[in-house]
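Input: a single structure, listed below in structure tokens.
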Amino acid sequence: MADPLAGSPPDPDRPDREAAEGQPGGRDFIRSIIADDNRSGKHQGRVQTRFPPEPNGYLHIGHAKSICLNFGIAAENPGGLCNLRFDDTNPIKEEEEFVESIQRDVRWLGFDWGDRLFFASDYFEQLYEWALVLIRKGVAYVCDLSAEQIREYRGTLTEPGRNSPYRDRTVDENLDLLARMRAGEFPDGTRVLRAKIDMASPNLNLRDPVMYRILHATHHRTGDQWCIYPTYDYTHGQSDSIERITHSICTLEFENHRPLYDWYLDQLEIFHPRQIEFARLNLTYTVMSKRRLLQLVNDRHVQGWDDPRMPTLVGLRRRGYTPEAIRGFCDRIGVAKFNSTIDMHVLENALRDDLNRRAPRVMAVLRPLRVVLENYPADLVEELEAVNNPEDPSAGTRRVPMARELYIDADDFREDPPKKFHRLSPGAEVRLRYGYIIKCERVVKDPATGEVVELRCSYDPETRSGSQSTRKVKGTIHWVSAAHAVPAEVRLYDHLFLKPDPDQAEAGQTYLSNLNPDSLQVLTGCQVEPSLAEAAPESRYQFERLGYFCVDPDTTPGRLVFNRTVTLRDTWAKIEKSS
RNA sequence: UGGCCCCUAGUGUAACGGCAGCACGACUGACUCUGGAUCAGUUAGUCUAGGUUCGAAUCCUAGGGGGCCAGCCA
């Protein structure tokens, strides 16, 4: 079966709210700034953004917010462009694997950077030339202080720093030393190149920040060509400048660095992008920092970067999330400078919205309970017509086989039903979805354990779906034919953490103490309708009344494995819980 | 005990000195062969105190609360 919900590019006709609201500023403060710049002709109407990840880990839902913002803004503006640039200035942490996974993930999300794939490492030579310029201007110097000494000289948040004894070296001496640093004459950590700004600045980033450090490490792209590497702070602003980025959008923690980026750009007298900071995404019941995600993977709290419980894009993808749902979520949460935390249910509802419209419906029984229809002919098999998607008539119908022996979900039977329970119980009636009304006549129990093992029921032949029958019953349940159903494994997921804020841990404990021990529940012996036998990995379905499920890549020809992506909204669960 | 930034219904987010709005949630009800979806309705807010102004969520001052910064990480 073909994947009915493969990722597709963003709909170019997607109405952007700017038009919808008739607002000149539009939608969020960043778009307002850009609209203002367009009106004033600041960049002759040119809009160019960039998404600048470091290739040292997998992308997560927080990155998706940034990707949707940067690529989204480019798409909304005539001629707008968004570059993909890897900020690969630290060879020790970066790997080709991540360069590839990041590109896969951005593409999967539905965005395209055309021929504008860039690497900060492509600018190493230019950055070096600019370092020479700054030395010649007398605003950069080689410093022989150790890392520890530099820290001491930097001062503290409340006390000014002290000038390095190497601060007043001559231009020639600095030029010579930097050349020799580059030539590999000095061991790691023995010297750095620093900007000469202000050791008393209240902004610590301006206290003679390091521009280059000696690192005899092999870079994933430049190999052993360099043994000195520019710091991120010395690289980022100029990389944006080289790419003629008009609006350099980044997260709040870089706000304090903006004066430094401005300083480099002004000293160098090169194109000056405007940096705008926004609040990064926080989500309840999960963690988002690369450090923690890495720890969850390395310490085997999850099964890998693509574990369906992870907030990584590969994890969400394997869980069954669609690119459209993630984009819809990013649209919905807005962009601001307030440090907020979004409820996980907002993400889940964005998913339900998308899947509801598009996911084909099927029937599947997670915890099978055998039902025998005593008055149904033993050799009869009927083909019942079932609607594939009530939200989308063009999805058509399919045939579902029905016979004397069925499975229903154990949850749909209660021997001693609570009030308002509209499902099966001794003597009660329900409708089988697309089939007949049945009545529970008798309960068969295991004499040893007392466990209910089978229901003996009767069916009313006059009540077949589509017939003239006017009989109504309160409940409709899903089912499969025992003889035709296909066995499957189903993996149920819950929040990775027990608390909305996993950092809210007991004294002496870390966020790891809040890990949810039941975040994964594996159900074997599930029974799904036969149309699912050939379902392809990643294809997504609604199991009626249960939720959305997708085929896990662990699926092999003889073994179907589904992930529960998200449950349906469950009003009954709410009623039962509150009483 | 320094500097920068932030604070609007439960959660997010608009309102650019002029009617505090939207989304999601929650709660009602309608409809329903998915206790789904859909539809209708209800709920609830400008951190505090001063000031400027005809008029303040918006500007100013002070206070409160929160975030970031002392990597040769990004």
Sugar-phosphate only, base, or nothing, as touched by Phe254(A) at under 4.0 Å among non-hydrogen atoms: base
Considering only the P atoms, how many Å lie between C4(B) and A56(B), rounded to the nearest integer? 28 Å
Looking at every strand, decide which applies to Pro160(A) at a 4.0 Å heavy-atom threshold: base, sugar-phosphate, or nothing. nothing
Ignoring the backbone of Val192(A), work out which of G67(B), C72(B), G12(B) is nearest its side chain. C72(B)
Mind telling me if G71(B) is syn or anti? Syn here is a glycosidic angle within 90° of 0. syn
Taking the nucleotide of RNA chain B with the nearest heavy atom to each, does Ser340(A) or Arg545(A) sit closer to the 5' end? Ser340(A)
Leu252(A) CG to C68(B) P, in whole Å, measures 10 Å
Distance between C1' atoms of A44(B) and A49(B) (Å, rounded): 25 Å
Students often get this wrong, so: under 4.0 angstrom with heavy atoms, is Ile228(A) touching a base, only sugar-phosphate, or nothing? nothing
Could you tell me how far apart Glu95(A) (CD) and C73(B) (C1') are, to the nearest whole angstrom? 16 Å
Any donor-acceptor pair, under 3.5 Å, between the side chain of Arg423(A) and the base of G35(B), if you only look at N and O atoms? yes
Whether the side chain of Glu391(A) and the base of U38(B) hold a donor-acceptor pair under 3.5 Å is what I'd like checked. no
Do Glu255(A) and G67(B) share a donor-acceptor pair, side chain to base, under 3.5 Å? no
Only one of Arg431(A), Glu382(A), Glu462(A) passes side-chain hydrogen bond (donor to acceptor under 3.5 Å, both in side chains) with Tyr436(A); say which it is. Glu382(A)
Of the options Thr286(A), Asn298(A), Val287(A), which is the one that meets Leu293(A) in a side-chain contact (heavy atoms from CB on, under 4.5 Å)? Val287(A)
For U53(B), the Watson-Crick or wobble partner whose two distances fall under 3.5 Å: none
With rounding to whole Å, what would you report as the distance between C54(B) and A15(B) at their P atoms? 26 Å
Give a yes/no verdict on base stacking between G25(B) and His345(A): centres under 5.5 Å, planes within less than 30° of parallel. no
By the Watson-Crick or G-U definition, both distances under 3.5 Å, C68(B) is matched with G3(B)
Checking base pairs now: Watson-Crick or wobble, both atom distances under 3.5 Å. What partners A23(B)? U11(B)
Under 4.0 Å, counting only non-hydrogen atoms across every strand here, what does Arg151(A) touch: a base, just sugar-phosphate, or nothing? sugar-phosphate
What is the nucleic acid contact for Ile92(A), judged by heavy atoms within less than 4.0 Å: base, sugar-phosphate only, or nothing? nothing
Taking only the C1' atom of each, what is the distance from C19(B) to U58(B) in whole angstrom? 15 Å
To the nearest Å, how far apart are Arg194(A) CZ and G71(B) P? 12 Å
Could you check whether Thr284(A) gets within reach of a base, just the sugar-phosphate, or nothing at all, counting any heavy atom under 4.0 Å? nothing
When all nucleic acid strands are considered with a 4.0 Å heavy-atom cut-off, which category describes Tyr232(A): base, sugar-phosphate, or nothing? base
Looking at every strand, decide which applies to Gln542(A) at a 4.0 Å heavy-atom threshold: base, sugar-phosphate, or nothing. base
Given the P atoms of U61(B) and G67(B), what is the spacing between them in whole Å? 24 Å
Below 3.5 Å, does any donor atom in the side chain of Ser32(A) face an acceptor in the base of C16(B), or the other way round? yes
Whole angstrom is fine here: how far is it from CG in Leu283(A) over to P in G12(B)? 11 Å
Do the ring centers of Phe98(A) and Tyr58(A) come within less than 6.0 Å of each other? yes
By the 4.0 Å heavy-atom rule, please label Ala336(A) as base, sugar-phosphate, or nothing. sugar-phosphate
Would you indicate what Arg291(A) reaches in the nucleic acid, counting non-hydrogen atoms under 4.0 angstrom: base, sugar-phosphate, or nothing? nothing
Closest-nucleotide ordering on RNA chain B, the 5'-leading residue of Val346(A) and Pro390(A): Val346(A)
How many whole angstroms separate atom NZ of Lys337(A) from atom P of C7(B)? 9 Å
Are more than 12 heavy atoms, taken from residues, nucleotides or ligands other than Gln504(A), located less than 6.0 Å from that residue's CD atom? no
Rounded to the nearest angstrom, tell me the gap between atom CG in Asn205(A) and atom P in C72(B). 10 Å
Just how far, in rounded Å, is P of A15(B) from CZ of Arg31(A)? 13 Å
Ignoring hydrogens and angles, does a donor from either the side chain of Asn256(A) or the base of C68(B) sit under 3.5 Å from an acceptor on the other? yes
Counting only distance, no hydrogens or angles, is the base of U34(B) paired donor-acceptor with the side chain of Arg361(A) under 3.5 Å? yes
